[in-house]
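Below: one structure, written as structure tokens.
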Amino acid sequence: MSKKCHKVIHWFRKGLRLHDNPALVEACKDALELYPVFVLDPWFVTNANVGANRWRFLAQTLEDLDKNLKQLNLRDERVQVAMDNLGVNVVSCVSHTLYDVHRVVKSNGGKAPLTYQSFQTAASRLGAPEQAIASPTLQDLQGCKTPVHATHDNEYGVPTLKDLNVCMDDLGPDLYPGGETEALDRMERHLKKVNWICNFEKPKTEPNSLLPSTTVLSPYLKFGCLSARLFYHKLIHVYQGKKHSQPPVSLVGQVLWREFYYTVAAVTPNFDKMKGNPVCKQIPWQENSDHLSAWKEGRTGYPFIDAIMIQLRQEGWIHHLARHAVACFLTRGDLWISWEEGQKEFEKLLLDADWSLNAGNWMWLSASAFFHQYFRVYSPVAFGKKTDPNGDFIRKYVPVLKKFPAKYIFEPWKAPSSMQQAAGCIVGKDYPKPIVDHDIVRQKNIQRMAAAYAASKSSNPETNKNSTKEAPSKKRKLDDTEKGSLKKKKKS
DNA sequence: AACAATGTTGGAGCA
DNA sequence: TTGCTCCAACATTGT
């Protein structure tokens with residue numbers, strides 16, 4: 001069948017794995033000589049927004065990939081070869097997402113789906129996602145050599161963190177090692193918990209547990225150490241014949257959220273910016289470098305927010321709802337700073353930082369797109385108490401506060417000074433006072449959001465398809481009372 | 001055609 | 001303790 005007559009380059013870009021890698025299998029079929037390469041652009045090394053933990057994850061992933069490729073004897077022949085760029089045939093395959101996202105857009109009438117439901121409907125018209133394919137085997141590679149120079153490892157081997165100029169002091173504990181091997185192990189460990197898989201509902205998981213309450217497969221999906229299609233079908237297999245949760249809250253639903261953001265991002269210009277982004281509400285955010293650095297460095301004076309930001313910096317992963325809390329705080333909730341600033345910091349520090357998801361979720365949380373109920377504001381005090389009334393999460397990540405009693409640990413500035421003294425932490429000296437008064441700025445910012453929404457309506461009414469006539473505020477009040485009475489009707 | 005219902009994930013105050 | 005209201009939105013689908 002296979003005609004092993006070509007010299008083939010397999011360019012590893014996203015799918016840093018052997019399993020479910022159709023382009024790699026395709027390459028193996030045809031290759032007399034195979035050159036698997038991963039390109040680390042020197043420009044990228046200098047300029048990319050990548051923190052130490054994320055560099056380490058990538059280096060570990062490349063090490064693991066290199067090891068797995070070696071097991072396929074993909075580098076056992078050391079032959080001098082002259083590369084010939086003429087007649088190179090490029091094969092690229094969809095395997096980073098469940099679907100070809102452009103087909104999903106087409107299925108949605110050529111428009112980006114702006115709700116999860118419309119995305120789901122459009123995607124389901126395409127049928128189930130394709131099955132993941134097997135890793136290439138030694139059999140597949142019979143008759144194929146991978147010529148390398150004797151100096152290969154020195155010149156083209158996996159770079160060390162030192163090569164990458166990573167600041168070793170910035171590295172936190174190595175909780176989530178990179179690589180396909182770890183990804184598959186981690187997935188299998190979770191798949192064994194059948195009841196947990198079947199009952200999983202994302203909004204019910206905890207943002208501030210001491211151990212992650214979710215799978216933490218996101219970094220592996222981001223780098224392609226794990227195939228989304230493989231995870232999807234493994235989940236469907238566990239569900240077979242059992243009652244199980246449904247999208248959007250289920251685990252399959254989480255993979256579909258990823259797909260949703262990939263789909264919208266693929267056809268939306270300037271998706272990672274406010275200006276020139278047709279789906280993004282234009283909001284007059286303000287700059288405040290003091291507040292921004294306090295947020296980044298975990299010095300806002302709100303222990304729940306600060307603990308999350310410190311966990312992010314140290315460990316490179318925080319729970320989805322913790323992201324909600326700090327994102328709301330930075331933008332529409334408290335600091336009124338552009339979501340683009342938060343996006344940059346997440347991109348640098350999150351192991352799972354994924355362009356489409358990062359931008360999409362920041363727009364969601366700042367009520368700039370997809371989500372519009374801007375009066376739903378997370379309290380930096382109350383939200384964390386629900387799942388961690390004792391404040392153990394805060395005690396772990398902001399240890400200066402650890403001696404405060406539970407009653408005050410979410411708002412230490414309210415503790416009597418004798419208690420602050422006993423705890424060995426004076427607020428304003430050993431731990432900052434709150435940089436804003438949440439109860440006050442919350443009100444003010446809701447008003448600002450209302451104004452921004454109203455402005456976008458009047459300046460750009462044709463984006464609203466059926467707004468041929470203006471909706472004056474009196475009319476709006478009428479709608480409100482109608483809504484209220486309807487709610488009552490529904491209940492009775 | 002017009003209108004109703006629906007949607008991952010808020011919180012305070014009050015009965 | 002639970003459930004409702006207020007804060008006052010938008011895209012999409014169903015009737």
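Scope of the values below: all heavy atoms of this structure, side chains included, with no hydrogens, waters or symmetry mates. Convention: sequence-line order gives letters A, B, ...; per-chain numbering from 1.
- Partner assigned to C:dA9 is none, using Watson-Crick or G-U wobble distances below 3.5 angstrom.
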Can you give the donor-acceptor pairs under 3.5 Å from side chains of residues 374-382 of chain A to other protein atoms, not counting sequence neighbours?
{"unit_1": "A:Y378", "atom_1": "OH", "unit_2": "A:H324", "atom_2": "ND1", "d": "2.8"}
{"unit_1": "A:S379", "atom_1": "OG", "unit_2": "A:V381", "atom_2": "N", "d": "3.1"}
{"unit_1": "A:S379", "atom_1": "OG", "unit_2": "A:A382", "atom_2": "N", "d": "2.9"}

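- No contact: A:Q443 has no heavy atom under 4.0 Å from any strand.
- A donor atom on one side chain and an acceptor atom on the other are found under 3.5 Å apart for A:Y431 and A:D306.
- Using a 4.0 Å heavy-atom criterion, one finds that A:Q246 contacts no nucleic acid atom at all.
- Rounded to whole Å, the distance from OH on A:Y116 to C1' on B:dG7 is 12 Å.
- Of the residues in residues 360-371 of chain A, none lies under 4.0 Å from DNA chain C by heavy-atom distance.
- Across the P atoms, B:dT6 and C:dC4 are found 15 Å apart, a figure rounded to whole Å.
- Computed from coordinates, the A:F260 CZ to C:dA11 P distance equals 12 Å when rounded to whole Å.
- Taking only side-chain nitrogens and oxygens, A:K386 comes nearer than 4.0 Å to OP1 or OP2 of B:dG11.
- You'll find the side chain of A:E347 reaches within 4.5 Å of the side chain of A:R54, heavy atoms only.
- Between the CH2 atom of A:W257 and the P atom of B:dT8 there is a distance of 6 Å, given to the nearest Å.
- Side-chain contact between A:N208 and A:Y397 is absent, with no heavy-atom pair separated by less than 4.5 Å.
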- Message: Please evaluate residues A:K344 and A:E341 with respect to the criterion salt bridge (Lys or Arg N to Asp or Glu O under 4.0 Å), reporting the C-alpha separation (whole Å), side-chain torsions for both, the decisive distance (0.1 Å), and the verdict.
- Response: CA-CA 5 Å; A:K344 280 184 229 163; A:E341 296 295 338; 3.6 Å; yes

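- Residue-level contact check: A:K385 touches neither bases nor backbone, having no heavy atom under 4.0 Å from any strand.
- Here the side chains of A:W196 and A:T215 are in contact, with some heavy-atom distance below 4.5 Å.
- Summarising the geometry, the separation between CD on A:Q373 and P on B:dT8 is reported as 11 Å, rounded to the nearest angstrom.
- With a cut-off of 3.5 Å on both pairing distances, the Watson-Crick or G-U wobble partner of B:dG13 is C:dC4.
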